Amino acid sequence: MDQSDLVSVICTVFNQEDYVLECLESVANQEYGNFELIILENGSKDQSPSLVKSWVAKNDKLNIQTFFHDATISYCENFNIGLEISKGKFVIDLSGDDLICPEHIMICIAKLQKNSSAAFCFCDAMLFEVGKESKTFYKRTHEGKLIHRILEENLYTQIVAGNPILSATLVFDAAKLKAIGGYDEKLSYEDFDVMVRLSREYRAVFSDHVGIKKRIHPKSFSKNQYLPKASVMLPSTLKVCNKIKSMNKNWEEDQALLKRVMFETKHALWSANFDVAVGFLELAKSLNAKGMEYEFFRKWSMVKIDLSRLYVTLKK
């Protein structure tokens, strides 16, 4: 295949001493050879910095740039530093605790080269956690075939309403990602917002392969999204939902947003993040929310019954 296009792998590292070497090795073992690796070490308090330095010294034949922050900055700000200096036509956002399968970059770049109007390519991932059976993000048969067709059409509405894409699998068209300003540094996390903004302006393509091995562990973002009483991510989700309201163009898109808002309200209430729950309910009201569920949530937000201990137990 054509490997003339440079790919920028931006690897963000923060307190991932148990995982980062395996992550970096997965980049070095790619079948697609034309890549630059930009490692952004975000002020870790463990041995991550020294492990990164040692690995880079042993792999000096690779095209690598490193940045070591003395103090931790936000994830979005950190990634944007890498995006600004990246030279690749395509960009990958890689967390220091995940793994890239050897053929992932090659397959995705081939897809994007054939679909120049697409802002990103996405695929399936293997989710793995210590003590639990691994599973793919998309449901598959025992033979490995997808059970449901993955729709590339109307992605904006799909992303607003639910979670049809695992962001760790994304390979971006760098010019399009830069054209929308990269990640929003006012947010605590990036994926929901950036996928919404890109899918509003551009199309995307799906590749039926498992390209990422996504590690689930207690410190991962997904485990702390609805942290009881102190979620850092929920206020950002509310900001994104308010953005979406201003971007929506029709009733169908508003209904997709209302579905998302009611879902987030439920989890905000269960996790006793009452202030942000009120914000979601105000947005739901502006979307003409009605019915028993909305009224129940509204009353719950007023009396502030704390069920967060039960919530944590049920989530285990």
Side-chain angles (χ1 to χ4, degrees), residues 1-3 5 7 9 11 16 18-35 90-173 191-192 194-195 198-199 202-218 220-223 225 315-316:
M1 67 161 291
D2 180 8
Q3 293 199 28
D5 291 325
V7 177
V9 181
C11 181
Q16 292 160 328
D18 294 332
Y19 319 120
V20 66
L21 292 182
E22 190 177 6
C23 169
L24 295 175
E25 282 297 320
S26 75
V27 179
N29 292 329
Q30 285 301 296
E31 294 176 5
Y32 190 96
N34 189 15
F35 66 85
F90 303 104
V91 171
I92 293 173
D93 178 0
L94 177 66
S95 175
D97 52 7
D98 291 339
L99 307 172
I100 305 185
C101 298
E103 71 284 357
H104 177 56
I105 295 179
M106 181 173 286
I107 294 173
C108 289
I109 298 309
K111 276 272 187 181
L112 288 167
Q113 287 172 339
K114 293 177 181 178
N115 296 273
S116 60
S117 63
F120 59 85
C121 178
F122 64 103
C123 66
D124 203 355
M126 184 64 66
L127 312 177
F128 68 104
E129 185 174 1
V130 174
K132 294 187 179 182
E133 184 177 354
S134 298
K135 61 181 181 180
T136 53
F137 180 73
Y138 297 116
K139 292 183 179 180
R140 293 179 178 269
T141 65
H142 292 298
E143 294 76 27
K145 294 183 179 180
L146 287 167
I147 293 177
H148 304 292
R149 177 172 171 258
I150 307 303
L151 299 175
E152 297 176 351
E153 302 81 19
N154 204 19
L155 264 182
Y156 174 79
T157 304
Q158 291 186 62
I159 294 167
V160 168
N163 300 292
I165 300 173
L166 184 64
S167 62
T169 70
L170 300 183
V171 178
F172 297 101
D173 179 303
D191 52 355
F192 180 31
V194 79
M195 285 192 290
L198 283 172
S199 62
Y202 308 100
R203 61 183 293 261
V205 289
F206 172 71
S207 176
D208 185 5
H209 74 281
V210 174
I212 294 290
K213 293 182 179 179
K214 179 68 179 174
R215 193 187 306 269
I216 310 298
H217 57 87
S220 60
F221 266 15
S222 59
K223 285 286 189 178
Q225 184 171 5
K315 283 184 68 179
K316 291 182 179 178

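Quick caveat, the model's predicted, so the values are computed rather than measured.
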Using a 3.5 Å distance criterion without hydrogens, assess whether the side chain of Gln3 forms a donor-acceptor pair with backbone atoms of Gly33.
yes

Does the plane of the ring in Phe120 sit parallel, tilted or perpendicular to the ring in Phe172? Use 30° and 60° as the thresholds.
perpendicular

Could you go through Asp208 and Arg140, starting from their C-alpha distance and side-chain angles, then the distance that decides it, and tell me whether this counts as side chain to side chain contact (heavy atoms under 4.5 Å, CB included)?
CA-CA 11 Å; Asp208 185 5; Arg140 293 179 178 269; 2.7 Å; yes

Show your reasoning for whether salt bridge (Lys or Arg N to Asp or Glu O under 4.0 Å) applies to Asp98 and Lys214.
CA-CA 5 Å; Asp98 291 339; Lys214 179 68 179 174; 3.0 Å; yes

Kindly say whether Cys123 contributes a backbone atom to a donor-acceptor pair with the side chain of Thr169 at under 3.5 angstrom?
yes

Any chance you could lay out the side chain to side chain contact (heavy atoms under 4.5 Å, CB included) test for Leu170 and Met195, step after step, and finish with the verdict?
CA-CA 9 Å; Leu170 300 183; Met195 285 192 290; 3.8 Å; yes

Parallel, tilted or perpendicular: which fits the ring planes of Phe206 and Tyr138, with parallel below 30° and perpendicular above 60°?
perpendicular

Evaluate side chain to side chain contact (heavy atoms under 4.5 Å, CB included) for Ile109 paired with Val171, printing each intermediate quantity in order.
CA-CA 8 Å; Ile109 298 309; Val171 178; 3.9 Å; yes

Of all the heavy-atom pairs spanning Cys121 and Ser207, show the shortest one and how long it is.
SG-CB, 4.0 Å

Once rounded to the nearest 0.5 Å, what's the spacing between atom CD1 of Ile165 and atom CD of Glu152?
9.5 Å

With rounding to the nearest 0.5 angstrom, report the CZ to CG distance, Phe122 to Leu155.
5.0 Å

Distance-minimising heavy-atom pair for Asp2 and Gln113
O-NE2, 3.2 Å

About how many Å separate CG of Asn34 and CE of Met106, when rounded to the nearest 0.5 Å?
11.0 Å

Can any side-chain N or O of Asp97 pair as donor or acceptor with the backbone N or O of Gln16 at less than 3.5 Å?
no

Would you check if the side chain of Gln30 reaches a backbone N or O of Cys101 as a donor-acceptor pair within less than 3.5 Å?
yes

Do other residues, nucleotides or ligands put more than 12 heavy atoms under 6.0 Å from Glu153 CD?
yes

First locate atom CZ of Phe90, then atom CG of Leu112, and finally report the distance between them rounded to the nearest 0.5 Å.
5.0 Å

May I ask you to say whether Arg215 pairs ionically with Glu22, meaning some side-chain N is under 4.0 Å from a carboxylate O?
yes

Would you say Asp124's side chain and Phe137's backbone share a donor-acceptor pair under 3.5 angstrom?
yes

Backbone of Ile107 reached by a side-chain donor or acceptor of Glu31 within 3.5 Å
no

